[in-house]
Amino acid sequence: MAAGRGEFFLSFQESWEKKPTQPALGRRQPVRGRGKPGPTRIQSGQTGGKRKKRRPKAAPSSVSGNSHSSPQPRPKGNKASSPKIKTSPSKENLLERLPSEILLKILSYLDPSSLSCISHVSKLFYQLANDDAVWHKIYMSEFGSQTWKPKSLAGDTAQKVDPVEGDVEDRSPGHWKKMYFRTLAGQEVNKWRRELRHDNSPYTGLPRQTERVLRNLNVSWELTVCDCYGRKITMEQSRAYFFESSVIVRWSGASFLTFHQIRNIQLYGVRKETLKSPKARMPGWRSLIIKQDNMIPVRYICTDKLVKLRHLPPCFLIGTWRGSNSIAFIMVSLHFHKLVEKSLLGSPVCPFSEPMDPPPADNSDPEFGLHGYTLHFVLHNTGAEIMSGHFRQLSCRTIQIRSGLVELRVINRTNLSEHRPLSGNIKMPWKSGTVEGAVENCCIVSLTLLDEFQKPFWCVSSPISIMMAKKQQSFDYSGEHFVMDFKDSDGQVKMKLVWFKEQKQFFLISLTVYISLFKVNEHFSRAY
């Protein structure tokens, strides 16, 4: 049996390699069944006996019967070989010669990822892999039994989404593929949005599950730095430090780039799909969070023996090596307010933006919008919290509005009972490769201001530094006086501190928050 199959496949291979209309020249056609049958005829390493060498003769053509060609010698050492006949390079692939109905039936067994891959093989497979019938089957198998349906796509607003078999031909080309990915994305977005809406912190007014959602979705942050030579350097995060209302992200390993070569910095949120290997990840969607084109606002704030710190508003902290100005590390402090949406729902060129719904109006209260504020205030670094406070029922009368700012006094300098100690020194630990240190007189301020409806109104997380005051801030304390100030387009924060040398501790004796009047009027639709 084995010998019979071997003879059959040998004969089949020879007939496949030759043209069926014209036999190979200079040799006799093999005749099936010649020789002795049985296992003694074809065996490995057996020649089958001696044979006389014959002189090859010209064989007549099977087409005309008159034309002859010059004899060709048989190749030595390979009795079963035959002359190779090259096929035309334009010969169609055997698989593509199948009818489209059969190919569609084959492709209908593939998953969406495999269909996407096979669509890059050829134009034919691109058309077949995007066929509506194939994607309709995938859509129905995934979402056909579910009651939730996304809103109609642009151009189909007048049609009612009803995925039935008869609708496949009536839809526009590519409809079911768009519906599949739109439904898939909509379900995933709704899933983590439900988790974020499930439980809010009574102190910050922010979702408690922000950190868990970011970790479960494999969200990380990347920097794209463009230098003066037009080069773009993409840096993956080295470490992320999570806190109650913010996260600090650090990047290291850019010592080849000096600070003066930087032209712009772009911060992206990236979600990468994890493969089977724990270290391998597929390229993910990049959502632009911040694009900083102007490097002029950068401000030198602190230094230690190894690095100098520069603050680039709104939230960048750049450390450079002393003497060379090459980049040692870059840190950014991100507030949790809408951080998941900013990291996932933006595009590579445009940040995420969500329209703000105005709060309900209350015309019976002439002081509307200026009372009932709640502040959650934290000073921290990459390692620990330095100070944390929660303050309720903050207010400001209309007569207290000055210079376009609404003043909210959180800790009064004259009320000694409100003064608070700070735990530990004010410093910022850092690390670059195997080198690490800590810069004194610098930390992160994370501020969450809620309006009277307990909705986030002003959210800030940014580097801040402490400086010695030019004059004594309070006559109740004899120690050295310091100030810490922060300012952006939406508001200001001013702090006054006293250093107790004996206890080696700071006391916060004054904290005032100023809100831009323009922001208040815009938020509450008022005209203060």
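Heads up: numbering here begins at 1 and tracks the sequence.
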Between [atom1] of [X] and [atom2] of [Y], what distance do you get to the nearest 0.5 Å?
{"X": "Lys137", "Y": "Leu107", "atom1": "NZ", "atom2": "CG", "answer": "11.0 Å"}
{"X": "Leu206", "Y": "Phe336", "atom1": "CG", "atom2": "CZ", "answer": "8.5 Å"}
{"X": "Gln292", "Y": "Cys315", "atom1": "CD", "atom2": "SG", "answer": "8.5 Å"}
{"X": "Leu317", "Y": "Cys443", "atom1": "CG", "atom2": "SG", "answer": "10.5 Å"}
{"X": "Thr224", "Y": "Ile233", "atom1": "OG1", "atom2": "CD1", "answer": "9.5 Å"}
{"X": "Leu267", "Y": "Leu334", "atom1": "CG", "atom2": "CG", "answer": "6.0 Å"}

*asked:* Between Leu449 and Leu408, does the side-chain contact (heavy atoms from CB on, under 4.5 Å) criterion hold? Intermediate values first, please.
replied: CA-CA 11 Å; Leu449 183 66; Leu408 300 175; 4.1 Å; yes

Using modelled atom types only, decide if a donor and an acceptor are shared between the side chain of [X] and the backbone of [Y] within a distance under 3.5 Å.
{"X": "His481", "Y": "Gly479", "value": "yes"}
{"X": "Gln261", "Y": "Thr258", "value": "yes"}
{"X": "Ser119", "Y": "Ser116", "value": "yes"}
{"X": "Ser201", "Y": "Tyr203", "value": "yes"}
{"X": "Trp135", "Y": "Lys178", "value": "no"}
{"X": "Ser343", "Y": "Leu339", "value": "yes"}
{"X": "Thr303", "Y": "Val307", "value": "yes"}
{"X": "Ser333", "Y": "Ile248", "value": "no"}
{"X": "Asp488", "Y": "Gly491", "value": "yes"}
{"X": "Arg271", "Y": "Leu217", "value": "yes"}

By the definition side-chain hydrogen bond (donor to acceptor under 3.5 Å, both in side chains), identify the one residue from [options] that meets it with [X].
{"X": "Trp430", "options": "Asn381, Thr382, Asp304", "answer": "Asp304"}
{"X": "His380", "options": "Ser461, Ser388, Ser446", "answer": "Ser446"}
{"X": "Thr448", "options": "His376, His335, His337", "answer": "His335"}

Ring centroid separation for [X] and [Y], is it under 6.0 angstrom?
{"X": "Tyr126", "Y": "His120", "result": "no"}
{"X": "Phe506", "Y": "Phe482", "result": "yes"}
{"X": "His311", "Y": "Tyr300", "result": "no"}

*Could you walk me through whether Phe242 and Arg215 pass the side-chain contact (heavy atoms from CB on, under 4.5 Å) check?*
CA-CA 11 Å; Phe242 285 91; Arg215 292 187 183 275; 3.0 Å; yes

Ignoring hydrogens, what is the shortest heavy-atom contact between [X] and [Y]? Give both atom names and the distance.
{"X": "Ala240", "Y": "Gln237", "value": "CB-NE2, 4.0 Å"}
{"X": "Ser432", "Y": "Trp321", "value": "OG-CZ2, 3.7 Å"}
{"X": "Asp293", "Y": "Lys291", "value": "OD1-CE, 3.4 Å"}
{"X": "Pro207", "Y": "Asn200", "value": "CA-OD1, 3.5 Å"}
{"X": "Phe316", "Y": "Ile330", "value": "CD2-CG2, 4.3 Å"}
{"X": "Ile444", "Y": "Pro463", "value": "CD1-CA, 3.7 Å"}

*Begin with the C-alpha distance, continue with both residues' side-chain angles, and end with the deciding distance and a verdict on side chain to side chain donor-acceptor pair (under 3.5 Å) for Asn412 and Thr414.*
CA-CA 6 Å; Asn412 199 325; Thr414 59; 3.1 Å; yes

_Chi angles and distances behind the side chain to side chain donor-acceptor pair (under 3.5 Å) call for Asn441, Lys427_ = CA-CA 5 Å; Asn441 302 326; Lys427 61 182 180 180; over 6 Å; no

Charged N-O contact under 4.0 Å between [X] and [Y]:
{"X": "Arg420", "Y": "Glu418", "result": "no"}
{"X": "Asp227", "Y": "Arg231", "result": "yes"}
{"X": "Asp199", "Y": "Arg208", "result": "yes"}
{"X": "Glu195", "Y": "Lys191", "result": "no"}

Cation-pi geometry met for [X] and [Y] (6.0 Å, 45°):
{"X": "Lys519", "Y": "Phe457", "answer": "yes"}
{"X": "Arg310", "Y": "Phe259", "answer": "yes"}
{"X": "Arg250", "Y": "Phe329", "answer": "no"}

*Under the side chain to side chain donor-acceptor pair (under 3.5 Å) criterion, do His175 and Asp132 qualify, and how do the steps go?*
CA-CA 7 Å; His175 170 81; Asp132 269 349; over 6 Å; no

Can you confirm whether more than 12 heavy atoms, excluding those of [X], are under 6.0 Å from its [atom1] atom?
{"X": "Lys496", "atom1": "NZ", "answer": "yes"}
{"X": "Phe256", "atom1": "CZ", "answer": "yes"}
{"X": "Arg409", "atom1": "CZ", "answer": "no"}

*Evaluate the criterion side-chain contact (heavy atoms from CB on, under 4.5 Å) for residue pair Trp192 and Val189; output intermediate values, then yes/no.*
CA-CA 6 Å; Trp192 57 256; Val189 169; 3.9 Å; yes

*Listed by chain and number, what are the ring-ring contact (aromatic ring centres under 6.0 Å, His included) partners of Phe507, not counting sequence neighbours?*
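ring-ring contact (aromatic ring centres under 6.0 Å, His included) list for Phe507, sorted by chain: Phe500.
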
*So do the side chains of Ile318 and Ile327 get within less than 4.5 Å of each other, counting heavy atoms only?*
yes

*Taking the side chain as every heavy atom from C-beta outward, state whether Val406 and Tyr514 have any pair of such atoms under 4.5 Å apart.*
no

_Trace of the side chain to side chain donor-acceptor pair (under 3.5 Å) decision for Thr374 with Gln454_ = CA-CA 7 Å; Thr374 301; Gln454 299 303 299; 3.2 Å; yes

*Tyr477 vs His419 aromatic rings, parallel, tilted or perpendicular, using cut-offs 30° and 60°?*
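Judged by the thresholds at 30° and 60°, the geometry between Tyr477 and His419 is tilted.
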
*The single option from Thr512, Val493, Leu394, Leu508 passing side chain to side chain contact (heavy atoms under 4.5 Å, CB included) against Val410*: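 Exactly one pass, corresponding to Leu394.
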
_Worked verdict on Leu288 versus Phe352 for side-chain contact (heavy atoms from CB on, under 4.5 Å)_ = CA-CA 8 Å; Leu288 181 63; Phe352 165 81; over 6 Å; no

